[in-house]
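Have a look at the structure below before the remarks.
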Amino acid sequence: MDCLGSFSNDPSDKPPCRGCSSYLMEPYIKCAECGPPPFFLCLQCFTRGFEYKKHQSDHTYEIMTSDFPVLDPSWTAQEEMALLEAVMDCGFGNWQDVANQMCTKTKEECEKHYMKHFINNPLFASTLLNLKQAEEAKTADTAIPFHSTDDPPRPTFDSLLSRDMAGYMPARADFIEEFDNYAEWDLRDIDFVEDDSDILHALKMAVVDIYHSRLKERQRRKKIIRDHGLINLRKFQLMERRYPKEVQDLYETMRRFARIVGPVEHDKFIESHALEFELRREIKRLQEYRIAGITNFCSARTYDHLKKTREEERLKRTMLSEVLQYIQDSSACQQWLRRQADIDSGLSPSIPMASNSGRRSAPPLNLTGLPGTEKLNEKEKELCQMVRLVPGAYLEYKSALLNECNKQGGLRLAQARALIKIDVNKTRKIYDFLIREGYITKA
């Protein structure tokens, strides 16, 4: 037999007796060998030896009662709960009303006990402090602070830096446009009235539940952005480029799983693979030395120097074969002569040489992670890569040209150049692309 506490004064809060189905009044009995659900009996049924299905009268049992002290020897657990409920109902400081509702204690006893054990008690004070800190930590997830030693940047609206930061405003720790920015629109016409039918009320509650799920998704995405430091996109991309190309490819592939494992675990995973790559490369180099019969690092340096020389000679033979293959092409011969001159002067032959015009074409723009990329189709992505134009700027120029074309009924190249003040060659490519794809028409 054990004696346990039950902290509820309302009989309706307790399950009914399994013998007579009446509300249980303390003390009552709980069978320790039956359940779940728990098997409760009142004292009258227990003394009669009531048995039901698997329950037998000789089972071990527990006495459920709140008639025992908790904080003060003169106050039972039931009176402690009654005091808290009375203070909640009557308000703090209305001790006479609290005493009238309790019936077992005077005004002075209620005030003294409450102040001593619930206000000035260090145990409860530390508990309340922990609860407050937990609540602050919970609400801290709603804002995304800019962790930096410098003053956070405050870019102007719709500037390039603002687009790179996805519209993030460091001074307010929030975004200009939230994820699922129009989620609140579904609630604007909902009004709960008393004469709603059950089905209509259930439908309205379902809409509210859907809205809550959309808010949770919004907060989840903010937490991912904050934890992984995705606000400062340029710094994030620079950190990616410190890895070798093979590790960068793995980083790009595994990025979608970062939201699951967390930022620290994800960084550990990538760093471990980067270390593995370095170790494998070093092992391969040492194995090459072993096959060549090299036993010390002095010989290894000589071997590397001779290997580099052989590679340069091989490149010379390759370039000569290319020139001989295209001997009728004078430009190919001129290119080979320039590359040969660079090799003889000690420059690396892997550097691409300038064309006859003296200019070198820039590599395509990498659109990975740039805001607005998801709004482009494949042809538009290819255009932005070739003209090296960020997706956000392209969308602005496209919108301006479409609006002007709709107003004028057509658009000329000169009008397009007057609208968007960028390089004329880029403007022509954008203009020709929009004409070719049918977005605008010529005037």
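Between T441 and C405, the closest heavy-atom pair is N-SG, 3.6 Å. Pairing each heavy atom of L401 with each of I430, the nearest pair is CD1-CG2, 4.2 Å. Of all heavy-atom pairs between C20 and C42, the closest is SG-SG, 3.7 Å. Contact between K30 and P38 at its shortest, heavy atoms only, is CE-CB, 4.0 Å. Summarising the geometry of D72 relative to H113, their closest heavy-atom pair is CB-CE1, 3.6 Å, with the distance given to 0.1 Å. Nearest approach of A400 to L419, heavy atoms of both residues: O-CD1, 4.1 Å.
Distance alone, capped at 3.5 Å, is enough to place a donor-acceptor pair between the E79 side chain and the T76 backbone. Of the possible donor and acceptor atoms, one in the side chain of K204 sits under 3.5 Å from a partner among the backbone N and O of D191. Between the side chain of S299 and the backbone N or O of I294 there is no donor-acceptor pair closer than 3.5 Å. Put simply, the side chain of R18 never gets that close to the backbone of L41: no donor and acceptor are under 3.5 Å apart. Side-chain atoms of Y439 do not come within 3.5 Å of backbone N or O of Y431 as any donor-acceptor pair. With hydrogens and angles disregarded, a donor-acceptor distance shorter than 3.5 Å links the side chain of R218 to the backbone of D180.
For the atom pair K107 NZ and N94 CG, the distance stands at 10.0 Å (nearest 0.5 Å). Here the CD atom belonging to Q219 is positioned 7.5 Å from the CD atom belonging to E178, to the nearest 0.5 angstrom. For the atom pair CG of N377 and CD of E437, the computed distance is 7.0 Å after rounding to the nearest 0.5 Å. With rounding to the nearest 0.5 Å, the separation of CD in E109 from OG in S74 is 7.0 Å. Note that NE2 of H55 is 9.5 Å distant from CD of E33, once rounded to the nearest 0.5 Å. If you take CD on E282 and CD on Q287, they are separated by 11.0 Å, rounding to the nearest 0.5 Å.
Residues in residues 290-304 take part in no salt bridge (Lys or Arg N to Asp or Glu O under 4.0 Å) pair, two or more places apart or across chains.
Two residues are said to be in side-chain contact when any heavy atoms from C-beta on lie closer than 4.5 Å; L215 and E184 meet this criterion. When side chains are defined from C-beta on, F433 counts as touching E380, because their heavy atoms get closer than 4.5 Å. No side-chain heavy atom of R280 sits under 4.5 Å from any side-chain heavy atom of K284. Y397 has its side chain within reach of L389: a pair of non-hydrogen atoms, C-beta onward, lies under 4.5 Å apart. Residues S399 and L402 have side chains not in contact (no heavy-atom distance under 4.5 Å, counting atoms from C-beta outward). Side-chain contact between Y394 and K398 is present, with heavy atoms from C-beta onward closer than 4.5 Å. The shortest side-chain heavy-atom distance between L83 and C110 falls under the 4.5 Å cut-off. Contact annotation: the side chain of E271 never approaches that of K268 to less than 4.5 Å [non-hydrogen atoms, C-beta and beyond].
Other residues, nucleotides and ligands contribute at most 12 non-hydrogen atoms within 6.0 Å of the CD1 atom of I199. Around CG of D198, the count of heavy atoms belonging to other residues, nucleotides or ligands within 6.0 Å does not exceed 12.
Between the side chains of E80 and H117, no donor-acceptor pair of N or O atoms lies under 3.5 Å. Inspection of the D97 and Q101 side chains reveals no N or O donor paired with an N or O acceptor under 3.5 Å.
Annotation: ring-ring contact (aromatic ring centres under 6.0 Å, His included) contacts of Y182 (sequence neighbours excluded): W185.
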- Query: Can you list the steps and then say if E278 with R281 is a side chain to side chain contact (heavy atoms under 4.5 Å, CB included)?
  - Reply: CA-CA 5 Å; E278 293 293 336; R281 186 167 61 179; 2.6 Å; yes
- Dump the intermediate steps for salt bridge (charged side-chain N to carboxylate O under 4.0 Å, His left out) on R314 and E311, then the final yes or no. CA-CA 5 Å; R314 186 187 66 80; E311 186 66 21; 2.4 Å; yes
- Under the ring-ring contact (aromatic ring centres under 6.0 Å, His included) criterion, do F192 and H201 qualify, and how do the steps go? CA-CA 7 Å; F192 289 89; H201 182 79; 5.5 Å; yes
- Query: Under the side chain to side chain contact (heavy atoms under 4.5 Å, CB included) criterion, do L395 and L376 qualify, and how do the steps go?
  - Reply: CA-CA 9 Å; L395 292 173; L376 306 180; 3.6 Å; yes
- Task: Would you check, one step at a time, whether the test side chain to side chain contact (heavy atoms under 4.5 Å, CB included) holds for R214 with D186?
- Result: CA-CA 11 Å; R214 297 165 78 176; D186 295 337; 2.5 Å; yes
- Task: Starting from the C-alpha separation in whole Å, work towards a yes-or-no answer on side chain to side chain contact (heavy atoms under 4.5 Å, CB included) for E288 and K307.
- Result: CA-CA 12 Å; E288 183 181 357; K307 181 181 177 181; 3.0 Å; yes
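Judged by the 6.0 Å and 45° rule, K105 forms no cation-pi pair with W95.
Aromatic pair F277/H273: ring centres not closer than 6.0 Å.
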